[in-house]
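A short worksheet on the structure shown next.
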Amino acid sequence: MRWSKLYLPTYKESPSDAEIPSHKLMIRAGAIKKLTSGVYTFLPVGFRVLRKIEAIVREEMDAIGSQEILMPILHPAELYEESGRLQNFGPELFKLNDRKQRMFALGPTHEEVVTDLARAEMRSYRQLPQTLYQILTKFRDEIRPRFGVMRAREFIMKDAYSFHDSDESLEVTYQDMAGAYHRILDRCGLDHMMVEADAGVIGGDVNHEFIVLTEAGESEIFTCSCGYTANSERAESLGQPLSSNESVAEGSPVRVETPGQKTIDEVSAFLEADPSQLVKTLLYRSEGQIVAALIPGDRSLNEVKLMKLLGDPQVQTLGDQEILDVTGAPVGFSGPVGLPKSTRIIADKLLESYEGMIVGANENDAHLRGVKMGRDFVPTETASISEAKAGDTCPRCAKYELVTQRGVELGHIFKLGKKYSRSMNATYLDRDGKDHKFIMGCYGFGVSRAVAAAVEANHDERGIVWPRSITPFHAIVLPINVSDDHTIKVAESIYAELSEQGLDVLFDDRDLRAGFRFKDADLIGVPLRITLGERSLRENKIEIYYRGEDRSELVDPGNVAGLIKAYYDEKPAA
RNA sequence: CGGGGCGUAGCGCAGCCCGGUUAGCGCGCCUGCUUCGGGAGCAGGAAGUCGGAGGUUCAAAUCCUCUCGCCCCGACCA
C-alpha cells in the first residue's frame with residue numbers, strides 16, 4: 001500500500017471530546033472517525049486492525065468446533081416480550097417501528113433470535129451439543145457513550161451460543177470457550193485476567209469476564225493471592241477490622257446537632273468520628289415500595305447487588321423532594337430510625353459486627369449517635385450490598401487482602417442454563433421421545449472494543465505501538481528522499497520483496513520532510529520502520545527501526561526481509 | 001434523569017459580557033521559491049448558512065425565546 005494513495009488522515013492535535021489515550025490516538029492516527037455520539041466509522045487503518053482481530057477470533061472459534069452464522073440485526077419486538085427483556089433491557093434496547101407501526105429492536109445481543117432458531121431447527125438430542133457464533137454489529141443505547149469505540153452505541157461483537165442436553169456438556173463447551181478466549185487475548189498480545197462477574201441483563205448463574213488490564217479501564221477488579229478474582233459488581237468481601245467502634249448509647253440514641261453537615265466527610269469531621277462509624281441510609285424505590293439501604297459510611301453501595309436482591313432491575317434512587325417527603329428531612333440527614341413502617345430496610349452484612357453507629361436523625365441538621373441495630377431499628381433483612389474495597393479480607397480464603405486493578409472488559413461468558421429456553425419454550429426430544437428445554441451458554445467478545453483496548457494497553461507519548469499480531473501494517477518502508485532515483489529503486493525492491501512474502505507493507509512515498517513522516521509513522525504505530533537514507537545507502541546499509549523498543553539497527557539490504565520475517569515469527573510478547 | 005459547559009473554516013480556538021468595518025488566530029489545505037533524518041521558512045491563496053428557527057433592533061456571532069447536537073460531572077450526598 002502506498003501512503004500517497006491511502007486514506008489516512010493524521011492529526012497533530014486531539015479532538016476536544018477525547019479523554020483517554022486510546023480515543024485520542026485512534027482519532028489522531030486516522031483509525032476511526034466519529035459520525036455521531038457513540039457511533040464511529042472505521043477508516044482503513046482501524047479497519048485493518050479490526051479485521052485482524054476478527055481473523056484471530058474466527059480461528060479460535062472454529063478450532064473449538066463453533067460454527068459461524070449470520071443473524072439479522074433487526075429483531076421483531078415480540079421475541080423480547082417472550083423473553084421478558086423488552087422490560088428488563090430497559091432503555092438500552094434500541095427500538096423502532098416499521099411503516100405499519102410494528103415494533104422492532106436493533107439487536108443488543110442475540111439470545112432471543114438464536115433461541116428462536118434453535119426451537120425451530122434443533123429437534124433431537126442427536127443434534128446436540130451445538131455451538132453457533134457470529135461477528136456483527138450490535139446496538140445498545142448506552143446511557144453515556146464515551147471513550148471512542150471503547151463504549152459505543154454501535155459496536156462489533158462476536159457472540160456465540162451453545163445448546164446442550166446436560167450440564168456436563170455445557171461445562172465442556174464453557175471451558176472450551178474460556179480456553180479460546182485466553183488464546184484470543186494472548187494472540188492479540190493483551191495482558192488479561194478472567195474474573196467472576198455479574199450476569200446483568202443476560203442472566204444465568206455462572207459467568208466470567210475477561211478483562212484486559214489497563215489504567216483507563218472502566219472495570220475495577222479484585223484479586224487475592226489465593227486465586228480469587230472478581231469484578232466490582234460481583235466481589236464479596238469480609239470487610240476490614242474497624243479502627244474504632246461507636247459505643248452504644250444507654251437506653252436510646254443520643255440526638256446531636258449537626259447544622260449544615262450533610263456529607264459523610266462533613267459529619268465525621270464535625271463529630272470527630274471515623275467515617276466507618278457512620279452509616280449511610282440510601283433511599284430507593286422498587287416497584288412502589290420505599291427501600292432503605294444501610295451501608296458503612298466509608299463504603300459505596302453496590303447497586304447491582306441491590307437490584308439482584310430485590311429482583312428488580314429498575315430500582316430508582318429517590319429525588320430530593322421524595323426524600324423530604326419520606327423522611328421528613330432534607331438530603332443528608334436520612335437515617336433508619338423512625339422511617340415509615342412500610343419501608344423495607346436492608347442492612348449491609350458488614351453492619352452486623354457494629355456495636356453502635358452514627359446515622360441521620362431524619363430531622364434537619366441533626367444526627368443520632370450510639371444507635372444500636374436491633375434495638376433502635378430493626379432491619380427487614382441483612383445482605384451483602386456494599387462494594388468491596390482494596391484491603392478488604394478475601395471472601396474466599398479469609399486470609400489475605402484483596403487488591404484492586406483496573407481494566408477493560410473484552411469478553412464475557414455465561415452459563416445461561418434454561419433461562420431463555422424456558423421463557424421461549426425451546427425444546428428438543430430426548431432418547432425416549434420426551435420434551436426438554438435446552439441448556440444454553442452464551443459467549444460475547446467485543447471486537448471493536450478490543451481495538452481500543454489494544455491501543456490503551458500499547459502506546460507511548462508519541463503514538464500507538466500495535467501488538468505485532470494485529471498491526472495494520474507489518475512494516476513501513478520510508479525512503480527519506482523520494483526524488484533520489486537510487487533510494488527509490490532500493491525502496492521499491494524491498495517493498496516488493498516484503499509484499500511477496502505476504503507481509504502488509506506501507507510504502508511512504510510522500511514527498512514530505514523526513515521528520516514529519518517519522519512522526520506520522522510513530523503515531524500510527526507500525527512496529528517496524530525501514531528507513532532508506534542516501535548516506536547509509538552509499539555504504540549499502542538500510543535502517544530498521546523497532547518502534548516499541550525505540551531502537552534501530554543498520555543492516556544489509558539483503559537481510560531486511562529475513563529480519564522482518566524473523567520478527568514476526570517470534571512468539572508475540574504478551 | 002439531575003447539574004454544568006460548549007456549538008464560529010477540515011481540526012484546535014479567540015471574538016459574545018458592553019450589538020456597529022470586508023468575523024479573526026494557530027494547525028491543516030492550494031500555488032510558488034527556499035529547505036530537506038524527527039511535525040521547516042517566506043510569499044501568495046482558497047475555504048465560514050457564526051448549529052437551527054423565531055424574536056428585539058436602523059443594525060445580531062454578540063441580546064431574548066424555543067429547538068437540535070456535542071461534551072463533562074453526577075445519578076452511592078443521604
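Values reported hereafter were calculated over all heavy atoms of this structure, with side chains retained and with hydrogens, waters and symmetry mates removed. Since the model is a prediction, treat every value here as computed from it, not as a measurement. We name chains A, B, ... by the order of the sequence lines, and we start the count at 1 in each one.
When Watson-Crick and G-U wobble pairs are counted only if both distances are under 3.5 Å, B/U65 pairs with B/A53. With a cut-off of 3.5 Å on both pairing distances, B/A60 has no Watson-Crick or G-U wobble partner at all. Pairing for B/G74 is with B/C1, a Watson-Crick or G-U wobble pair whose two hydrogen-bonding atom distances lie under 3.5 Å. If you check B/U21 for Watson-Crick or wobble pairing at under 3.5 angstrom, you find it has no partner at all. Across the strands present, B/A43 finds its partner in B/U31; the criterion is a Watson-Crick or G-U wobble pair with both atom distances under 3.5 angstrom.
Across all strands, A/E19 comes closer than 4.0 Å only to sugar-phosphate atoms, never to a base (heavy-atom distances). Residue contacts for A/I143: at a heavy-atom cut-off of 4.0 Å it reaches a base atom on one of the strands shown. Within the 4.0 angstrom heavy-atom criterion, no nucleotide atom of any strand lies near A/T258. At a threshold of 4.0 angstrom between heavy atoms, the contacts of A/L523 include nucleobase atoms, whether or not backbone atoms are also involved. Residue A/D265 is out of contact with every strand shown, counting any heavy-atom pair closer than 4.0 Å. Nucleic acid contact class of A/F147 (heavy atoms, under 4.0 Å, all strands): none. If you check every strand for non-hydrogen atoms under 4.0 Å, A/S386 touches nothing. Among the protein residues, A/G360 comes within range of no part of the nucleic acid, since none of its heavy atoms lies under 4.0 Å from any strand.
In this structure, A/R513 places its CZ atom 11 Å from P of B/U35, rounding to the nearest Å. Going from atom NZ of A/K34 over to atom P of B/G7 covers 15 Å, rounded to whole Å. As rounded to whole Å, 11 Å separates atom C1' of B/G74 from atom CZ of A/R146. Per the geometry, CZ belonging to A/F516 stands 7 Å off P belonging to B/G28, to the nearest Å. Counting to the nearest Å, the P atom of B/C1 and the CD atom of A/E303 are 18 Å from each other.
Side-chain contact of A/S536 with A/E543: a donor-acceptor pair under 3.5 Å is absent, judged by distance alone. The closest side-chain donor-acceptor pair between A/R2 and A/S4, if any, does not fall under 3.5 angstrom. Side-chain atoms of A/D274 and A/S276 include a donor-acceptor pair closer than 3.5 Å. At a cut-off of 3.5 Å, with distance as the only test, a side-chain donor of A/E553 or A/Y546 sits close to an acceptor on the other residue.
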What are the atom names and distances for every N/O pair under 3.5 Å that joins the protein to nucleotides 8-13 of chain B?
{"from": "B/G12", "atom 1": "OP1", "to": "A/S16", "atom 2": "N", "distance (Å)": "3.3"}
{"from": "B/C13", "atom 1": "OP2", "to": "A/S16", "atom 2": "OG", "distance (Å)": "3.4"}

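As rounded to the nearest Å, B/C76 and B/C17 have C1' atoms that lie 39 Å from one another. Between the P atoms of B/U35 and B/A40, the separation comes to 16 Å (whole Å). Nucleotides B/G45 and B/A9 are separated by 14 Å at their C1' atoms, to the nearest Å.
Judged by atom type and distance alone, A/R529 does not reach the base of B/G37 through any side-chain donor-acceptor pair under 3.5 Å. Contact annotation: side chain of A/T263 to base of B/C77, donor-acceptor pair absent below 3.5 Å. Under 3.5 Å, the side chain of A/N481 and the base of B/G37 form no donor-acceptor pair of N or O atoms.
The number of heavy-atom neighbours closer than 6.0 Å to CZ of A/F270, taken from other residues, nucleotides and ligands shown, is above 12.
For A/Y545 and A/F518, the ring centers sit 6.0 Å or farther from each other.
Of the listed residues (A/E209, A/H412, A/E409), just one forms a side-chain hydrogen bond (donor to acceptor under 3.5 Å, both in side chains) with A/N231, and that residue is A/E209.
A cation-pi arrangement is not found for A/R153 relative to A/F94, the charged atom failing to lie both closer than 6.0 Å to the ring centre and inside a 45° cone about the ring normal.
In this structure, A/F507 and A/Y495 have parallel ring planes: the angle between them is below the 30° cut-off, well short of the 60° mark.
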